Colleague: 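Just passing along the structure, written as structure tokens.
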Amino acid sequence: MVSFMSEPKKLFIKTYGCQMNVYDSERMAEALGSKGYIETTSADDADMILLNTCHIREKAAEKVYSELGRYKDLKAEKPDLKIGVAGCVAQAEGEEIIRRQPLVDLVVGPQSYHRLPAMEDAVRAGEKALDTDFPEDDKFDTLTKRAKVSRGPTAFLTVQEGCDKFCAFCVVPYTRGAEVSRPSTRILREAEELVASGVREITLLGQNVNAYHGHENGLAGLIWDLDKIDGLERIRFTTSHPNDMDEALIDAHASCEKLMPYLHLPVQSGSNSILKAMNRKHTAESYIKLIARIRKARPDLLLSGDFIVGFPGETEQDFADTMDLIREVHYGQAYSFKYSTRPGTPAAEKPQLPDEVMNERLQALQSLLREQQTETQNTMVGREVKVLFEKSGREDGQMIGKSEYLHAVYANAPQSVFGTVQSVRITESSTNSLAGTLI
Ligand code: SAH
Ligand code: SF4
Ligand code: F3S
């Protein structure tokens, strides 16, 4: 008997922004999988294009419109092609997106991804579909079962979404809504499924992951439960807020072997008056004290941070205070940004600094951070680190993985090390990676 199977439809997802979007893109692909879609890596042969967008800075948001513009010809050639915008720009701008770019068929906010299959029906019927509610039903309730695919050895797992902190510069509380934690039982089930499909390292994600309260003992409680899963070898979490680093979490860094010695703990500025204007609710001194406590618990911990230069009202002295804080703390890794005005946030009302001043400060700050990053990397040379191998290198016989400190490490090794943790002696430090030999 001959059966006529319909061709699977192809889905192209382009992801911008933070790791939570990476995770969400996977979940959206799974949700549309139920409608017969398989993923493709090229927009040209797609039946649906989804842009999973970021609204954090102006540039990030503008990229979306230039990308959409590029699909004009493609849509003219393929009238059945459907184009959707998801993520934080979708949440922030909603219907405005379709008004500004009429070739968009679908706009879906980050809390509504479980409604995608129904929205797909609507766009196939020729309608425009828009959903930017913060629905009562939690998207994760519906999106519980992960597809049984074979995976790489590392995975993200969102445990908490949204933010109640309202830093004066930030759109996240508006685009992702109030802080919501997923129950730990569901997270543990999802983690077990991931491990069963080959995952060895899980990074727990949240806009304020250490504010997680889906477990009676908070994020530390969840980490200790994950610690019991056989086959899971490494646990990480990001991003944390200094005010939510509780004693139990610091203790976990001291005593949980699976919890990796790496912490991303943004401070944004080293000036107390700017921190106050940013509504950060901590001081430079309290941050420095906290870092000392964390380093006492885990002396080899690699610290990472985020900085904003040119926040409205930032003086030369405020900026010098930030540089002093960086010198005192010493970062192994950091991200830094020019302040970007975001519509609807309190800081947007304030007079802005000239762009030249911001550029100059950003350059000085980045060169100091780069120096510290290089110094940190250089101290790895001669040391033995543990590497989880994730992929083949470009050269024959070369494999690439991550050390416990999240440094990329190259080593000559057989394919069989893929997905395993191996001891490596570091022999070389280059711009953004280390090289070493298997022990
Ligand atoms: N929840 C995380 C970070 C979220 S956004 C936290 O609180 O640390 C990631 C980073 O983007 C922030 O840490 C901040 O440094 C930067 N950022 C956020 N809004 C910004 C803006 N309006 N202009 C420039 N950088 C911004
Ligand atoms: Fe934004 Fe501040 Fe919340 Fe981080 S803590 S997501 S910077 S409002
Ligand atoms: Fe961007 Fe939204 Fe993440 S604004 S940084 S994609 S939470």
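Indexing begins at 1, ligand by ligand and atom by atom, following the structure's order. Computed from a predicted structure; not experimentally measured.
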Colleague: Does the N or O separation between T239 and ligand 1 drop below 3.5 Å for any pair?
Modeller: no
Colleague: Are any of the N or O atoms of S340 closer than 3.5 Å to those of ligand 1?
Modeller: yes
Colleague: Any atoms of ligand 1 less than 4.0 Å from a non-hydrogen atom of Q207? List them with their elements.
Modeller: 1 (N), 2 (C)
Colleague: Heavy atoms only, cut-off 4.0 Å: how does P266 contact ligand 2, side chain, backbone, both, or neither?
Modeller: neither
Colleague: Of the backbone atoms (N, CA, C, O) and the side-chain heavy atoms from C-beta on, which set of P266 has a member under 4.0 Å from an atom of ligand 1: side chain, backbone, both, or neither?
Modeller: side chain
Colleague: Please state which option from R176, R280, R57 has its nearest heavy atom closest to atom 7 (O) of ligand 1.
Modeller: R280
Colleague: Please determine if E62 and R100 form a salt bridge, counting it only when a charged side-chain N lies under 4.0 Å from a carboxylate O.
Modeller: yes
Colleague: How far is atom 7 (S) of ligand 3 from the closest protein heavy atom, and which atom is that?
Modeller: Q207 NE2, 3.0 Å
Colleague: Determine whether H55 and Y174 satisfy the following criterion, ring-ring contact (aromatic ring centres under 6.0 Å, His included), listing intermediate values before the conclusion.
Modeller: CA-CA 10 Å; H55 200 245; Y174 312 97; 9.7 Å; no
Colleague: Mark up the atoms of ligand 2 that fall under 4.0 Å of a heavy atom belonging to F169, in ascending order.
Modeller: 7 (S)
Colleague: Using a strict 4.0 Å threshold on nitrogen-to-oxygen distance, state whether K296 and D251 make a salt bridge.
Modeller: no
Colleague: Going by the closest heavy atom to atom 1 (Fe) of ligand 2, which one wins out of C170, P242, A211?
Modeller: C170
Colleague: In terms of atom number and element, which parts of ligand 1 are under 4.0 angstrom from non-hydrogen atoms of K338?
Modeller: 23 (N), 24 (C)
Colleague: With the threshold set at 4.0 Å, does a side-chain nitrogen-carboxylate oxygen contact exist between K165 and E179?
Modeller: no
Colleague: May I ask you to list the atoms of ligand 2 that are less than 4.0 angstrom from any heavy atom of K165?
Modeller: 3 (Fe), 5 (S)
Colleague: In the structure I gave you, are the side-chain heavy atoms of S403 and M380 within less than 4.5 Å of one another anywhere?
Modeller: no
Colleague: Give the residue, atom name and distance (to 0.1 Å) of the protein heavy atom nearest atom 13 (O) of ligand 1.
Modeller: D306 OD2, 2.6 Å
Colleague: Would you mind checking which non-hydrogen protein atom is closest to atom 5 (S) of ligand 1, with the distance to 0.1 Å?
Modeller: I56 CD1, 3.5 Å
Colleague: Would you please classify the geometry between the F237 ring and the H253 ring as parallel, tilted or perpendicular, with 30° and 60° separating the classes?
Modeller: tilted
Colleague: Identify the closest protein heavy atom to atom 4 (S) of ligand 3: which residue and atom is it, and at what distance?
Modeller: H55 N, 3.3 Å
Colleague: Is any NZ, NE, NH1 or NH2 atom of the basic residue among K258 and E233 found under 4.0 Å from an Asp or Glu carboxylate oxygen of the other?
Modeller: no
Colleague: Between K10 and D47, does any side-chain N to carboxylate O distance fall below 4.0 Å?
Modeller: no
Colleague: Taking backbone and side chain together, does C163 place any N/O/S atom at a distance below 2.8 Å from atom 3 (Fe) of ligand 2?
Modeller: yes
Colleague: Test of understanding: given a 4.0 Å heavy-atom threshold, classify the contact between F337 and ligand 1 as side chain, backbone, both, or neither.
Modeller: side chain
Colleague: Considering only heavy atoms, does Q268 approach ligand 1 within less than 4.0 Å through its side chain, its backbone, both, or neither?
Modeller: side chain
Colleague: Can you tell me which residue and heavy atom of the protein come closest to atom 6 (S) of ligand 3, and the distance to 0.1 Å?
Modeller: N21 ND2, 3.2 Å
Colleague: Show the atoms of ligand 2 that are less than 4.0 angstrom away from any heavy atom in H241.
Modeller: 5 (S)
Colleague: Any protein heavy atom at under 4.0 Å, with atom 9 (C) of ligand 1 as the reference point?
Modeller: yes
Colleague: For atom 5 (S) of ligand 2, what is the closest protein heavy atom, and at what distance to 0.1 Å?
Modeller: N208 ND2, 3.4 Å
Colleague: If we only count N/O pairs under 3.5 Å, is F169 in contact with ligand 1?
Modeller: yes
Colleague: Tell me which part of F166 gets within contact of ligand 2: side chain, backbone, both or neither, using heavy atoms under 4.0 Å.
Modeller: backbone
Colleague: Of the protein's non-hydrogen atoms, which lies at the shortest distance from atom 3 (Fe) of ligand 3, and what is that distance?
Modeller: C18 SG, 2.3 Å
Colleague: Between K35 and D121, does any NZ, NE, NH1 or NH2 come within less than 4.0 Å of an OD or OE carboxylate oxygen?
Modeller: yes
Colleague: Are E120 and K82 ion-paired here, with the side-chain N under 4.0 Å from a carboxylate O?
Modeller: no
Colleague: Taking the six-membered ring for Trp and the full ring for Phe, Tyr or His, determine whether the centres of Y331 and F307 are under 6.0 Å apart.
Modeller: yes
Colleague: Within ligand 2, which atoms have a heavy atom of P173 less than 4.0 Å away?
Modeller: 8 (S)
Colleague: So, are E161 and R182 salt-bridged, with charged N and O less than 4.0 Å apart?
Modeller: no
Colleague: Of all the non-hydrogen atoms in the protein, which one sits nearest to atom 1 (Fe) of ligand 3, and at what distance?
Modeller: C54 SG, 2.4 Å
Colleague: Just which atoms of ligand 1 are under 4.0 Å from any heavy atom in R342?
Modeller: 22 (N)
Colleague: Does a side-chain N-to-carboxylate-O contact under 4.0 Å join D80 and K75?
Modeller: no
Colleague: Identify whether NZ of Lys or CZ of Arg in R57 sits under 6.0 Å from the centre of the six-membered ring of F337 and within 45° of that ring's axis.
Modeller: yes
Colleague: Determine whether the side chain, the backbone, both or neither of R176 has a heavy atom under 4.0 Å from any heavy atom of ligand 3.
Modeller: side chain
Colleague: Return a yes/no value for H241: is any of its N or O atoms, backbone included, closer than 3.5 angstrom to an N or O of ligand 1?
Modeller: no
Colleague: Identify the protein heavy atom lying closest to atom 2 (Fe) of ligand 2, giving its residue, its atom name and the separation to 0.1 Å.
Modeller: C167 SG, 2.3 Å
Colleague: Would you tell me whether D225 and H215 have side-chain atoms, one donor and one acceptor, within less than 3.5 Å of each other?
Modeller: yes
Colleague: Step through it carefully: locate the ring centre of F311, locate the ring centre of Y339, and say whether they are under 6.0 Å apart.
Modeller: yes
Colleague: Looking at R70 and E67, does any basic side-chain N land under 4.0 Å from a carboxylate oxygen?
Modeller: yes
Colleague: Quick one, R298 and L259 - any side-chain contact, counting heavy atoms below 4.5 Å?
Modeller: no
Colleague: So, C88 and atom 2 (Fe) of ligand 3: N/O/S under 2.8 Å, yes or no?
Modeller: yes
